[in-house]
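Contents: one structure, followed by commentary.
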Amino acid sequence: MKKNNLVSVNFHLWEPCNFRCKFCFASFQDVKKTILPKGHLPKEQAMQVVKLLSESGFQKITFAGGEPTLCPWIGDLILLARESGMTTNLVTNGWMLLKKPELLRDLSRNLRWLTLSIDSLNTETNTSSGRALASRQPIAKEQYRLLIEQARRLGMRIKINTVVHQLNWQEPLWELMAEVKPERWKIFQVLPVAGQNDLHYEDYSISHEKFGAFLNLNEKAKQFTTIVPETNQLMRASYVMIDPAGRFFDNDSGKHRYSQPILSVGIDNAIEQIKFDSEKFNERGGLYNW
């Protein structure tokens, strides 16, 4: 695997999550039940993983989960990444940032991109799919809009991630994009991953035709943002990803395949143990002006 292809990495550092999305393809319950009962590395080890990534030439790091804002040292990881020269991105459901506005202000000092996961503006849809707290409280449209306005005032660039599934494939979200104008809108076809979403996937899976129908329904959003659609086929093996135990992993075979721990064998040895398709990475627009 050529190093010049390795410019962007997703670090799923935190398995715990305050939402219960039934279609989640990064739940890491397999990791929690086997080698990592707490669902995350100790702070010092997580920091060392980020340090090694920067030394290996990665230019952008996306912190994800689970829900990464539940990590009490997420700000330290983002600071280390920024000081190491990497562009920083955070993927979040947004709840903790709404609950604790001071967290958003603190993170904004070193966070280049804020990516919000927004699948629907329909309360029933979000509640049924689990895109809500265990107490069944989804985030409302006005709260999303307020959070985006605050983040933008603090100097962050905005992305939105949407997973299209059986409950939301007919929902027009382009009007929200017209209002908040994110720089990028990534639209994913809900992805089956064995060991991650087996229990509920069949209830949320959609055909390529339905995924295409969602894209057509929301085509007007192209006037306000860059749309990046990703089919199941395009998502497989097109990301460099690290799991909560500090191992590279891929989803090429329809399930997670993990490398040995990075801190045990090093970046170069670990990454040779997984598959990364640089052509798919480029096809899905992985390189852009970040």
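Here the structure is a predicted model, which is why all the values come from computation and not from measurement. Numbers here are sequence positions counted from 1. Quick note: numbers below take in every heavy atom, side chains included, and nothing from hydrogens, waters or symmetry partners.
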Tell me, do [X] and [Y] make a side-chain contact under 4.5 Å, heavy atoms counted?
{"X": "F211", "Y": "I187", "answer": "yes"}
{"X": "L90", "Y": "W113", "answer": "no"}
{"X": "Y239", "Y": "E230", "answer": "yes"}
{"X": "L107", "Y": "L114", "answer": "no"}
{"X": "F11", "Y": "T62", "answer": "no"}
{"X": "C71", "Y": "L13", "answer": "yes"}
{"X": "K280", "Y": "R236", "answer": "yes"}
{"X": "E283", "Y": "D277", "answer": "no"}

Worksheet entry | Test log, rule side-chain hydrogen bond (donor to acceptor under 3.5 Å, both in side chains), inputs Q189 and T231 | CA-CA 5 Å; Q189 180 185 9; T231 62; 5.0 Å; no

List the atom of [X], the atom of [Y], and the distance in Å for their closest heavy-atom pair.
{"X": "L70", "Y": "P16", "result": "CD1-O, 3.8 Å"}
{"X": "S259", "Y": "I274", "result": "N-CG2, 4.0 Å"}
{"X": "L287", "Y": "N282", "result": "CD1-OD1, 3.7 Å"}
{"X": "A221", "Y": "I227", "result": "CB-CD1, 3.9 Å"}
{"X": "L77", "Y": "M47", "result": "CD2-SD, 3.4 Å"}
{"X": "W95", "Y": "P138", "result": "CZ3-O, 4.5 Å"}

Is the backbone N or O of [Y] less than 3.5 Å from a side-chain atom of [X], with the two atoms forming a donor-acceptor pair by type?
{"X": "N232", "Y": "H208", "result": "no"}
{"X": "S120", "Y": "N122", "result": "yes"}
{"X": "Q273", "Y": "Q260", "result": "yes"}
{"X": "D198", "Y": "G195", "result": "yes"}
{"X": "S27", "Y": "C24", "result": "no"}
{"X": "Q45", "Y": "P42", "result": "no"}
{"X": "K60", "Y": "T88", "result": "no"}
{"X": "N251", "Y": "G254", "result": "no"}
{"X": "N89", "Y": "F63", "result": "no"}
{"X": "S108", "Y": "R105", "result": "yes"}

[X] and [Y]: same hydrophobic cluster, using ILVMFWY side-chain contacts below 4.5 Å?
{"X": "L133", "Y": "L147", "answer": "yes"}
{"X": "L53", "Y": "W290", "answer": "yes"}
{"X": "V7", "Y": "L234", "answer": "no"}
{"X": "W73", "Y": "I61", "answer": "yes"}
{"X": "Y288", "Y": "M177", "answer": "yes"}

Worksheet item: Which is it for V190 and Q166 under the side-chain contact (heavy atoms from CB on, under 4.5 Å) test, yes or no, and what are the steps along the way?
Response: CA-CA 9 Å; V190 63; Q166 187 62 41; over 6 Å; no

Worksheet item: When rounded to the nearest 0.5 angstrom, what is the spacing between CD in Q137 and CZ in F19?
Response: 9.0 Å

Worksheet, complete the sentence: Rounded to the nearest 0.5 Å, the CG atom of L176 sits from the CD atom of E171 at a distance of 9.5 Å

Check this for me: [X], atom [atom1], are more than 12 non-hydrogen atoms of other residues, nucleotides or ligands nearer than 6.0 Å?
{"X": "K22", "atom1": "NZ", "value": "yes"}
{"X": "E102", "atom1": "CD", "value": "yes"}
{"X": "E83", "atom1": "CD", "value": "yes"}

Say whether [X] and [Y], considering side chains only, have a donor N or O and an acceptor N or O under 3.5 Å apart.
{"X": "E15", "Y": "H40", "result": "no"}
{"X": "S117", "Y": "N161", "result": "no"}
{"X": "N110", "Y": "R82", "result": "yes"}
{"X": "E67", "Y": "N18", "result": "no"}

Worksheet item: Are D250 and K275 within salt-bridge range, i.e. N to O under 4.0 Å?
Response: no

Worksheet item: In terms of side-chain geometry, is the basic nitrogen of D119 or R131 positioned less than 4.0 Å from the acidic oxygen of its partner?
Response: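 Yes.
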
Discussion item. Evaluate T115 against M156 for side-chain contact (heavy atoms from CB on, under 4.5 Å), listing each step before the verdict.
Written reply: CA-CA 10 Å; T115 300; M156 285 174 275; over 6 Å; no

Discussion item. Taking side-chain hydrogen bond (donor to acceptor under 3.5 Å, both in side chains) as the cut-off, I'd like each qualifying pair that reaches into residues 173-183, sequence neighbours left out, listed once.
Written reply: K141-E179, R145-E179, R157-E183

Worksheet entry | Partners meeting salt bridge (Lys or Arg N to Asp or Glu O under 4.0 Å) with R136 (sequence neighbours left out) | none

Worksheet entry | Pairing residues for D30 by the salt bridge (Lys or Arg N to Asp or Glu O under 4.0 Å) criterion, not counting sequence neighbours | none

Worksheet entry | Near-ring test F276/F281, centroid separation under 6.0 angstrom | yes

Worksheet item: Taking the six-membered ring for Trp, are the ring centroids of F28 and H12 within less than 6.0 Å of each other?
Response: yes

Whether [X] and [Y] hold their rings parallel, tilted or perpendicular, with breakpoints at 30° and 60°:
{"X": "W185", "Y": "F214", "result": "perpendicular"}
{"X": "H165", "Y": "Y204", "result": "perpendicular"}
{"X": "Y258", "Y": "F249", "result": "tilted"}

Worksheet item: For N197 and L191, what are the C-alpha separation, side-chain angles and deciding distance, and is it a side-chain contact (heavy atoms from CB on, under 4.5 Å)?
Response: CA-CA 9 Å; N197 56 12; L191 180 71; 5.7 Å; no

Practice prompt. Apply the test side-chain contact (heavy atoms from CB on, under 4.5 Å) to residues M86 and Q59: give CA-CA distance (whole Å), side-chain angles for both, the deciding distance (0.1 Å), then the verdict.
Written response: CA-CA 5 Å; M86 289 191 283; Q59 300 170 21; 5.9 Å; no

